[in-house]
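Right, one structure below, let's go through it.
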Protein chains: 2
Amino acid sequence: MSTEPAVEPRWLTDEEQFAWQCYLHATTLLEDHLDRQLQRDAGMPHVYYGLLVQLSRAPRRRMRMTELAQNAKITRSRLSHAIARLERSGWVRRENCPSDKRGQNAYLTDEGMRVLEKAAPGHVAAVRAAIFDRLTPEQVGHLAEICQVMTEGLQPQGADLPWLR
Amino acid sequence: MSTEPAVEPRWLTDEEQFAWQCYLHATTLLEDHLDRQLQRDAGMPHVYYGLLVQLSRAPRRRMRMTELAQNAKITRSRLSHAIARLERSGWVRRENCPSDKRGQNAYLTDEGMRVLEKAAPGHVAAVRAAIFDRLTPEQVGHLAEICQVMTEGLQPQGADLPWLR
DNA sequence: CGAGAGTTATTTAAGTTTTAACAACGTCGC
DNA sequence: GCGACGTTGTTAAAACTTAAATAACTCTCG
């Protein structure tokens, strides 16, 4: 019955532990900060803002639910709830997909577009203030590289997120 | 009434936009991944696991609620709920603080310690697999630097998070 | 065609987080 | 002492997320 991990796990080195601590602090603080900023200035959390951004960039400002969920890296269930809320706010609406009777398109209303345009400058300013105005161009490059490497290692296998293969 | 932002906001450059995209993808995927891993292997989300880790490292495995909330970067309210849940699981318990009658200490039970020790190897392995086994030592250094810079810029002013000064 | 299998999106219920308000205690100054 | 003010931790309600189940539709293949 040697189901146990036969070997002592490789713990993190001091450098790695330190980096991990820094990472956790920075990412949670930033996410909190952006959530508060957007909640205050645009009346929605960061994830919801991201949905509006996606829609605003899509052709005809509309997108299939599943595609939107994939781009935003959230489950379809979560997206359903989110779109329902955004619909209540009048910023997004749904329509049946012409080509697939199961499908739905979410589209950004004019009002949603206005809200987005109004919120964007403040959001960009917050992102700048937190990151890009504080990092050198080299560091920005490093950050992108590091995040790319991380993303490669995170092909989700989970129940509802088998995306990115 | 020139309340409007007088100038066109400085949008992100292409490099910055790319880095930001990478950052958002990587961080959300990683957090999702760790949440699932811990939920599956230890029956709790990442934040709760972090609380147990904090407690395990504290003297006598106990800590004041506010200090714990600060270290974990969460609000006291959120911590109250979290500890209530962990208490229901039998992994943490509360006790009155002897020196301050308002205060509470949370402490890690023996059972909580066992759960933590059982979950730790898998968690470290997941973190390794996602990050440290994929990055060069230089990149780990860069990551730590970048996150430190970000953290400096995020001194929260918000209602319940005026922490880190 | 038509059964079986997979896809799309939603719903329900349970769990978590946020927000605002609150009770209880401590501290400082007078 | 005592009153104003700050701190500690909790709570109620609303908002949000997750997990599991489901309805409706499409696709594949015999």
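Chain letters run A, B, ... following the sequence lines, proteins first and then strands; every chain starts at 1. Keep in mind that the numbers below use all heavy atoms, side chains included, and drop hydrogens, waters and symmetry copies.
- The two residues Q139(B) and I146(A) make their nearest non-hydrogen contact at O-CD1, 3.5 Å.
- For residues 41-55 of chain B, the set of pairs meeting the side chain to side chain donor-acceptor pair (under 3.5 Å) definition, not counting sequence neighbours, comprises E31(B)-H46(B), Q37(B)-D41(B), Q54(B)-N71(B).
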Let me have the donor-acceptor pairs involving side chains of residues 111-124 of chain B, under 3.5 Å, with sequence neighbours excluded, atom names and distances please.
none

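- Across the protein-nucleic acid pair, K101(B) atom NZ and dT27(C) atom C1' stand 15 Å apart, rounded to whole Å.
- For residues 15-28 of chain B, the pairs satisfying salt bridge (Lys or Arg N to Asp or Glu O under 4.0 Å) are R128(A)-E16(B), with sequence neighbours left out.
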> When Watson-Crick pairs (N1 to N3 and N6-O4 or O6-N4) and G-U wobble pairs (N1-O2 and O6-N3) count only below 3.5 Å on both distances, what is the dot-bracket string of DNA chain C, with | for other-strand pairs?
Replying inline: ||||||||||||||||||||||||||||||

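- By the side-chain contact (heavy atoms from CB on, under 4.5 Å) test, A106(B) pairs with L55(B), M65(B), L68(B), I83(B), V92(B), sequence neighbours left out.
- Not counting sequence neighbours, the partners of A84(A) by the side-chain contact (heavy atoms from CB on, under 4.5 Å) test are R88(A), R94(A).
- T28(B) is linked by a side-chain contact (heavy atoms from CB on, under 4.5 Å) to K73(A), counting only residues two or more places apart in sequence or in another chain.
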> Could you run down nucleotides 9-17 of chain C 5' to 3' and tag each one B, S or - for protein heavy-atom contact under 4.0 Å?
Replying inline: BBBB---SB

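- As rounded to whole Å, 19 Å separates atom C1' of dT17(D) from atom NZ of K73(A).
- A straight line from CG of N96(A) to C1' of dT8(C) spans 12 Å, rounded to a whole angstrom.
- Going from atom NE2 of H46(A) over to atom C1' of dC16(D) covers 16 Å, rounded to whole Å.
- Listed by first then second residue, pairs satisfying ring pair (Phe, Tyr, Trp, His ring centres under 6.0 Å) with a partner in residues 51-84 of chain A number zero, not counting sequence neighbours.
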